[in-house]
Student: 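Below: one structure in structure tokens.
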Amino acid sequence: MIVILVLISGSIYAILCFCGLNLYLKISTCGRALVDFAVLTLSKYGNQIHCLDYVEALAKAGASGFTFHIEVSKDNWRELIQSIKTKGMRPGVSLKPGTPIEEVYALVEDENPVEMVLIMTVEPGFGGQKFMPEMMDKVRALRKKYPSLDIEVDGGLGPSTIEMAASAGANCIVAGSSIFELQSRLKL
Ligand SMILES: O=C(CO)[C@H](O)[C@H](O)COP(=O)(O)O
């Protein structure tokens, strides 16, 4: 297993890579510990991932949010949301670029709903990919339907794309390369 930990301006980013699976932990220390966790289905092992297996460990580690991919949770998302909430974490659902936005509506409208939707604006796998502007249709559809929902976008976000995402209705972004590249430029 490879673990990469990076500290920038008080925020810790961790990436764990093992068995063909990448686990991304975003840890922010603004006020209280905040850890968002996403199981990304990038490899041939993707369909064998059981998100439920990770809930307890992440809660024990201090996570306050747990985001799972709908593509690997179609059969058990209700159980997963319940388990995440029982452990005191905030449930979120993520979807890959090829997954229609309609697939998350049931999770947002359920009596025990997710509290955040993460729209991948690149294929899950690695940083440095090109932002997919066509994903903004999903953001717009979601924002129109759910005015107060937290909508996060992840992939290729930076100074040239953030405005597109914000005006489509996203209120949270994940930025990797644009921050790290800036850091390296500042060190030169
Ligand atoms: O998790 C990802 C891909 O799987 C993200 O796209 C990544 O963490 C953000 O990086 P970047 O800003 O370089 O696109």
Side-chain angles (χ1 to χ4, degrees), residues 1-30 34-49 51 54 58 61 63-73 89-99 101 103-104 114 116-139 142 150-188:
M1 179 168 74
I2 301 169
V3 180
I4 303 166
L5 275 176
V6 189
L7 176 65
I8 298 174
S9 302
S11 293
I12 304 167
Y13 295 76
I15 305 171
L16 286 65
C17 318
F18 63 100
C19 301
L21 167 71
N22 279 13
L23 304 181
Y24 286 71
L25 303 177
K26 290 166 275 174
I27 306 168
S28 157
T29 50
C30 306
L34 169 68
V35 182
D36 277 345
F37 169 69
V39 176
L40 301 179
T41 57
L42 59 137
S43 73
K44 60 184 177 177
Y45 301 101
N47 291 335
Q48 298 165 19
I49 293 168
C51 299
Y54 299 91
L58 266 291
S64 61
F66 188 113
T67 303
F68 58 88
H69 262 268
I70 186 62
E71 295 85 359
V72 287
S73 313
M89 295 182 290
R90 182 173 186 256
V93 66
S94 179
L95 68 167
K96 291 161 73 170
T99 305
I101 191 64
E103 292 206 11
V104 300
V114 288
M116 186 274 284
V117 175
L118 166 55
I119 294 176
M120 290 302 300
T121 44
V122 296
E123 287 296 339
F126 50 89
Q129 299 181 73
K130 196 170 177 298
F131 178 77
M132 301 165 102
E134 62 273 27
M135 292 303 120
M136 295 305 96
D137 287 346
K138 290 183 182 178
V139 176
L142 213 51
D150 276 341
I151 303 175
E152 188 170 308
V153 283
D154 177 350
L157 272 304
S160 62
T161 50
I162 190 168
E163 179 54 39
M164 227 186 303
S167 59
N171 63 328
C172 182
I173 69 157
V174 176
S177 305
S178 55
I179 293 174
F180 290 111
E181 281 165 14
L182 178 64
Q183 287 285 316
S184 1
R185 277 206 300 274
L186 289 175
K187 279 181 197 148
L188 290 175

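Atoms within a ligand are numbered from 1 in the order they appear, just like the ligands themselves. What you see below is based on every heavy atom in this structure, not just the backbone, and it leaves out hydrogens, waters and symmetry mates. We count residues from 1, following the sequence as given.
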Student: Are Asp150 and Cys172 close enough that some pair of their side-chain heavy atoms sits under 4.5 Å apart?
Tutor: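 SC-SC contact between Asp150 and Cys172 ruled out.
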Student: Quick one: are Val114 and Thr67 in side-chain contact, heavy atoms under 4.5 Å?
Tutor: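 Sidechains of Thr67 and Val114: no contact.
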Student: Considering only heavy atoms from C-beta outward, does the side chain of Leu95 approach that of Glu103 to under 4.5 Å?
Tutor: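 When only atoms from C-beta onward are counted, Glu103 and Leu95 do not touch, as no gap falls below 4.5 Å.
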Student: Considering only heavy atoms of Gly155, which atoms of ligand 1 have at least one such atom less than 4.0 Å away?
Tutor: 6 (O), 14 (O)
Student: Show me which atoms of ligand 1 lie under 4.0 Å from any heavy atom of Pro124.
Tutor: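 With Pro124 as reference, the close atoms of ligand 1 come out as 4 (O).
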Student: With a cut-off of 4.0 Å, which atoms of ligand 1 are near a heavy atom of Val122?
Tutor: 6 (O)
Student: Please examine the side chains of Leu118 and His69, heavy atoms only from C-beta on, and report whether any two atoms are closer than 4.5 Å.
Tutor: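 Side chain of His69 against side chain of Leu118, heavy atoms only: no contact under 4.5 Å found.
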Student: Any heavy-atom pair between the side chains of Phe68 and Tyr54 that's under 4.5 Å?
Tutor: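 No, their side chains stay 4.5 Å or more apart.
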Student: Quick one: does Ser178 get a heavy atom under 4.0 Å from ligand 1?
Tutor: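 It does not, in that no heavy atom of Ser178 comes within the 4.0 Å cut-off of ligand 1.
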Student: Between Ser177 and ligand 1, find which residue part has any heavy-atom pair under 4.0 Å and reply side chain, backbone, both or neither.
Tutor: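 Near ligand 1, Ser177 shows its backbone as well as its side chain.
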Student: Can you find an N or O of Gly128 that's nearer than 3.5 Å to an N or O of ligand 1?
Tutor: yes
Student: Can you name the side-chain contact (heavy atoms from CB on, under 4.5 Å) partners of Asp137, sequence neighbours left out?
Tutor: Arg140
Student: Please examine the side chains of Phe131 and Val122, heavy atoms only from C-beta on, and report whether any two atoms are closer than 4.5 Å.
Tutor: no
Student: Taking both backbone and side-chain atoms of Gly125, is any N or O found less than 3.5 Å from an N or O belonging to ligand 1?
Tutor: yes
Student: Under 3.5 Å, N or O to N or O, is Gly156 touching ligand 1 that way?
Tutor: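 Checking ligand 1 against Gly156, an N or O pair does fall under 3.5 Å apart.
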Student: For atom 3 (C) of ligand 1, state which one of Phe131, Phe126, Phe180 supplies the nearest heavy atom.
Tutor: Phe126
Student: Of all the atoms in ligand 1, which lie at a distance below 4.0 Å from a heavy atom belonging to Ala175?
Tutor: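 Near Ala175, meaning under 4.0 Å from one of its heavy atoms, ligand 1 has 12 (O).
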Student: Who's closest to atom 9 (C) of ligand 1 heavy-atom-wise, of Ile173, Thr161, Asp154, Leu157?
Tutor: Asp154
Student: State whether the number of non-hydrogen atoms from other residues, nucleotides or ligands found under 6.0 Å of Ile101 atom CD1 is greater than 12.
Tutor: yes
